[in-house]
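As a basis for the values below, the full set of heavy atoms in this structure was taken, side chains included, without hydrogen atoms, waters or symmetry mates.
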Amino acid sequence: MKKLAILGGGIGALTAAVEITNDPQWQQNFDITIYQLGWRLGGKGASGRNLKESAQVEEHGLHLWMGCYENAFHMMRNVYGECTRRGLMPGSPFPDAKSAFTPLNLTAMADNFNGQYKIWPITWKPNDLFPGDDELFKQKKKPPTPWEFYVVVLERLNGYVQKSAALNALFLEQNAVERLADDDNPQAISDAYKLAASMPDDPSEHSDADVQKLISFMDGFRSLVSRLSAKHNLDLDDDLRHAAIVVDIATAIGIGMLFDVVAHGFDNIENIDFSAWLKKHGSRFSDSALPLAIYDACFAYRRGTDRNAAAGSMLYAGLRLMFTYDGSIMWWMNAGMGDTIMGPIYLLLQQRGVKFEFFSKVTNLGLSADKKSIDTIEIAVQATPKNGYTPIKFIDKIPCWPDRPCYDQLNEGAQMQDPKLVNPDIESWWTDWKPVGTKTLKRADHDFDAVVLGISIGALPYICGELIAASPQWQTMVANVETVKTQSLQLWLNKTSADLGWSFGPGVLCAYREPHDTWSDLSHLLKFEHWPPAAKVSNLSYFCNALPEGANAAFSDPTFPKKEHDRAAGLAKTFIDNYLGPIWPNEPQPFDPSLIVNQFTRANIDPNERYVLSVVGTKQYRLASGQSGFANLLLAGDWTSTELSVGCVETAVISGRMASQAICGKPDWIYSQSGAGV
């Protein structure tokens with residue numbers, strides 16, 4: 001029997017555990033223990049319920065699941081199905097995965113044109129599907145190839161052009177003034193789509209003449225729209241401005257794909273920034289709201305301020321998001337991420353027989369004498385349970401994680417609440433709570449045979465020094481794969497968004513101004529919080545963004561987290577006082593503080609909770625789950641090399657599934673081009 005130590009409780013690590021234990025006979029082959037810092041699972045997706053504040057959900061930030069997360073939804077379908085069959089969540093309002101999510105079909109942009117923000121609502125057509133269907137995996141389906149994506153771009157652009165009242169009016173107006181020139185072709189995108197649809201699926205069989213025709217069609221149409229729209233004041237004509245931007249961005253993508261991607265793959269453009277790549281291929285609006293939304297979704301700001309995102313990773317993620325979603329382009333969770341995702345996974349793994357060691361902070365991975373495998377794992381013991389530890393509390397029959405340890409279950413519970421502690425938060429690397437002990441897991445003592453490292457890359461320089469020193473690949477990975485601090489703001493208000501002036505319905509807003517460029521109304525969560533009627537809470541709004549790097553401090557300084565929290569709170573105050581007008585135009589600025597019932601701000605600064613970036617030219621340095629370079633070490637998380645190398649749940653799940661494949665050969669199929677994630 002192989003003993004497996006899984007380090008960290010983020011979604012990548014948990015996925016590996018779920019996949020290995022999907023085999024009903026798994027315990028004949030494996031003994032699995034998950035070692036977790038603090039009292040809860042989830043990594044960057046951990047959330048807590050503040051039982052002192054009406055059981056409010058407190059998150060690391062705004063978490064949405066995309067309709068293209070086939071692997072993640074597939075796993076959660078199975079998790080919910082088995083939890084229900086085993087009676088692990090009796091009476092839960094979410095008996096299956098579909099009931100745990102709400103579809104989101106509106107992605108509004110904050111369109112900044114000449115310094116004025118206007119809301120640009122974009123509604124996506126839903127379908128009857130739900131992501132993660134078993135048949136997708138049984139039939140070993142794959143995402144579209146680069147050429148198939150190119151054809152879809154043309155198909156959707158053609159549909160948009162045909163239906164665009166602004167563009168059709170533009171062409172009619174021009175004909176009324178003077179006939180279009182002979183080389184002007186308002187049907188050029190339709191012609192391009194017809195040609196592309198008739199060409200072979202294999203790009204190597206495309207003739208140069210046909211490719212040049214496609215480029216000519218797209219470039220000609222873009223030039224036509226640009227020339228005609230320039231005769232109008234786009235400041236005043238929102239519909240025409242939006243149409244011009246869509247045509248500009250879509251044709252730049254199409255032309256760029258023909259030059260750089262169709263024959264060479266998305267990785268061919270990893271060494272150029274996404275906006276720069278659009279500009280290279282003729283875009284005039286490469287810094288407009290549409291591409292900015294991609295940056296915002298991926299917190300793609302080095303040091304929290306400098307926009308930077310590899311074109312290949314961003315383009316592939318964007319195409320997957322827009323053109324391969326099932327049901328809706330995005331999905332809200334119907335409770336906190338910890339409630340809807342981590343809670344059911346924990347209950348299932350525990351029932352299956354996986355062991356959990358909470359309050360276990362990994363401090364060092366030690367190598368064997370030949371530097372080829374992991375020999376020791378050093379752990380700081382943060383607290384000791386009195387008689388086991390039950391981390392979950394059921395609230396409204398939903399498995400929830402409290403926002404702090406269950407002190408009554410810990411031998412040191414009273415001391416951990418000592419008011420003399422400057423920073424008692426044991427999830428913080430700056431805590432002045434000292435470990436109550438240490439332990440060393442030794443491979444020689446059969447404490448473990450193999451290790452899944454699921455702790456995020458920001459922490460690796462502090463716990464993997466021996467690995468980094470021994471491996472040039474690890475040295476380049478930790479030196480080049482960057483992370484960023486993030487910040488979030490949650491507001492509980494006594495007026496609805498509609499009352500405040502938002503007239504576009506439920507959705508998510510991106511590309512807004514700093515310090516919070518993304519917003520969504522998650523008021524549907526309020527039914528599972530316990531606000532007294534007198535509070536009149538009717539709105540729960542989430543805002544988030546990257547946090548400028550600012551100062552840092554040694555982990556021996558317990559005052560640092562409060563300074564960073566105060567900095568995030570100060571930025572939140574500036575935002576609330578001055579920048580809510582375009583979102584909620586019925587309220588004057590500064591925003592009336594009496595409308596705020598409560599607020600929660602968070603600065604995500606710890607090494608393991610910093611967001612993993614897709615900086616230009618860095619994907620090549622990521623290591624894949626089964627390619628750590630050390631014989632008994634697997635990797636899991638959104639910082640590893642996968643087909644979808646961006647910071648998101650789907651990437652982490654793919655990585656966890658890849659780790660499981662390397663360990664036990666399962667799952668049989670990962671939704672990807674290779675079936676193995678990379």
Side-chain angles (χ1 to χ4, degrees), residues 1-36 41-43 45 65 69-83 85-86 88 97 131-134 136-138 140-141 341-356 448-455 624-628 632-638 640-644 648-672 674-678:
M1 179 183 294
K2 179 180 287 188
K3 281 194 172 182
L4 182 62
I6 297 181
L7 310 182
I11 193 65
L14 295 176
T15 297
V18 168
E19 297 299 335
I20 294 168
T21 61
N22 276 342
D23 179 358
Q25 307 301 316
W26 73 272
Q27 286 176 297
Q28 296 180 12
N29 301 308
F30 299 100
D31 180 303
I32 301 176
T33 303
I34 295 176
Y35 297 88
Q36 171 62 38
L41 302 176
W65 281 42
Y69 285 3
E70 301 290 358
N71 290 286
F73 274 103
H74 183 248
M75 179 179 69
M76 293 313 299
R77 279 180 182 237
N78 294 331
V79 167
Y80 269 89
E82 189 169 343
C83 280
R85 290 193 300 273
R86 290 179 178 236
L88 303 182
D133 193 300
D134 259 347
L136 196 73
F137 295 85
K138 290 177 181 177
K140 298 188 175 181
K141 294 290 184 69
I341 307 300
M342 311 308 170
I345 291 176
Y346 168 75
L347 293 173
L348 179 59
L349 290 176
Q350 183 192 49
Q351 179 73 15
R352 285 179 173 181
V354 173
K355 296 186 283 292
F356 290 85
F448 68 91
D449 299 299
V451 180
V452 174
L453 178 58
I455 300 170
S625 294
Q627 299 172 0
S628 73
N632 63 340
L633 178 64
L634 293 307
L635 311 176
D638 63 3
T640 65
S641 178
T642 70
E643 186 175 282
L644 187 67
C648 68
V649 166
E650 179 74 352
T651 299
V653 171
I654 290 172
S655 178
R657 286 187 153 187
M658 289 170 64
S660 177
Q661 278 189 337
I663 292 168
C664 67
K666 300 290 183 178
D668 294 327
W669 187 255
I670 296 172
Y671 181 72
S672 65
S674 68
V678 68

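For the salt bridge (Lys or Arg N to Asp or Glu O under 4.0 Å) test, no residue two or more places apart in sequence or in another chain qualifies with D134. For E650, the salt bridge (Lys or Arg N to Asp or Glu O under 4.0 Å) criterion is met by no residue, not counting sequence neighbours. Applying the salt bridge (Lys or Arg N to Asp or Glu O under 4.0 Å) test to K140 and every residue at least two apart in sequence or in another chain returns nothing. Not counting sequence neighbours, the partners of K666 by the salt bridge (Lys or Arg N to Asp or Glu O under 4.0 Å) test are D668.
Q36 places a side-chain N or O within 3.5 Å of a backbone atom of G9 that can act as its donor or acceptor partner. A donor-acceptor contact shorter than 3.5 Å is absent between the side chain of T33 and the backbone of F356. Judged by distance alone, the side chain of S655 and the main-chain N or O of G637 form a donor-acceptor pair under 3.5 Å. With hydrogens and angles ignored, the 3.5 Å screen pairs a side-chain donor or acceptor of S628 with a backbone N or O of L633. Between the W669 side chain and the L136 main chain, no donor and acceptor come within less than 3.5 Å of each other.
Considering all non-hydrogen atoms of both residues, G8 and A13 come closest at O-CB, 3.2 Å. Contact detail for G675 and S672: the closest heavy-atom pair is N-OG, 2.9 Å. Counting all heavy atoms, side chain and backbone alike, I11 lies closest to A652 at CG2-CB, 3.2 Å. Listed here is the closest heavy atom pair of S625 and A659: CB-N, 3.6 Å. Residues A17 and I6 approach most closely at CB-CD1, 3.8 Å, considering heavy atoms. Across every non-hydrogen atom of G626 and A662, the tightest pair is CA-CB, 4.3 Å.
Using a 4.5 Å heavy-atom threshold, the side chains of T21 and L348 count as separate. Annotation: side chain of P131 is not in contact with side chain of W65 (no heavy-atom distance under 4.5 Å).
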Taking it one step at a time, do E643 and I654 satisfy side-chain contact (heavy atoms from CB on, under 4.5 Å)? CA-CA 9 Å; E643 186 175 282; I654 290 172; 5.7 Å; no
Evaluate F137 against H74 for ring pair (Phe, Tyr, Trp, His ring centres under 6.0 Å), listing each step before the verdict. CA-CA 9 Å; F137 295 85; H74 183 248; 3.8 Å; yes
Would you check, one step at a time, whether the test side-chain contact (heavy atoms from CB on, under 4.5 Å) holds for M658 with Q627? CA-CA 10 Å; M658 289 170 64; Q627 299 172 0; over 6 Å; no
Please step through side-chain contact (heavy atoms from CB on, under 4.5 Å) for the pair V452 and I663, ending with a clear verdict. CA-CA 10 Å; V452 174; I663 292 168; 3.7 Å; yes
Go through it in stages, so that I can follow the logic: the residues are E82 and R352, the test is salt bridge (Lys or Arg N to Asp or Glu O under 4.0 Å), and I'd like the CA-CA distance, side-chain angles, deciding distance and then a yes or no. CA-CA 10 Å; E82 189 169 343; R352 285 179 173 181; 2.5 Å; yes
Would you check, one step at a time, whether the test side-chain contact (heavy atoms from CB on, under 4.5 Å) holds for M1 with D449? CA-CA 9 Å; M1 179 183 294; D449 299 299; over 6 Å; no
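If you take CG on L644 and OH on Y69, they are separated by 7.5 Å, rounding to the nearest 0.5 Å. Once rounded to the nearest 0.5 Å, the distance linking CG of D23 with CG of N29 reads 7.0 Å. Taking CG of L7 as the reference point, atom CG of L634 lies at 11.0 Å (rounded to 0.5 Å). One finds the NZ atom of K138 at 8.5 Å from the CG atom of D133 (value rounded to the nearest 0.5 Å). Note that NZ of K3 is 11.0 Å distant from CZ of F448, once rounded to the nearest 0.5 Å. Here the CG atom belonging to L4 is positioned 10.5 Å from the NZ atom belonging to K355, to the nearest 0.5 angstrom.
The stretch residues 4-14 participates, sequence neighbours left out, in no salt bridge (Lys or Arg N to Asp or Glu O under 4.0 Å) pair at all. Residue pairs satisfying the salt bridge (Lys or Arg N to Asp or Glu O under 4.0 Å) criterion with at least one member in residues 651-661, sequence neighbours excluded, are listed as follows: E19-R657.
For the pairing with I345, the side-chain contact (heavy atoms from CB on, under 4.5 Å) check across T15, V18, V354 returns one residue only, V18. Checking each of N71, N78, V79 against M75 for a side-chain contact (heavy atoms from CB on, under 4.5 Å) leaves exactly one that passes, namely V79.
Crowding of K2 atom NZ: a count of heavy atoms from other residues, nucleotides or ligands under 6.0 Å not exceeding 12.
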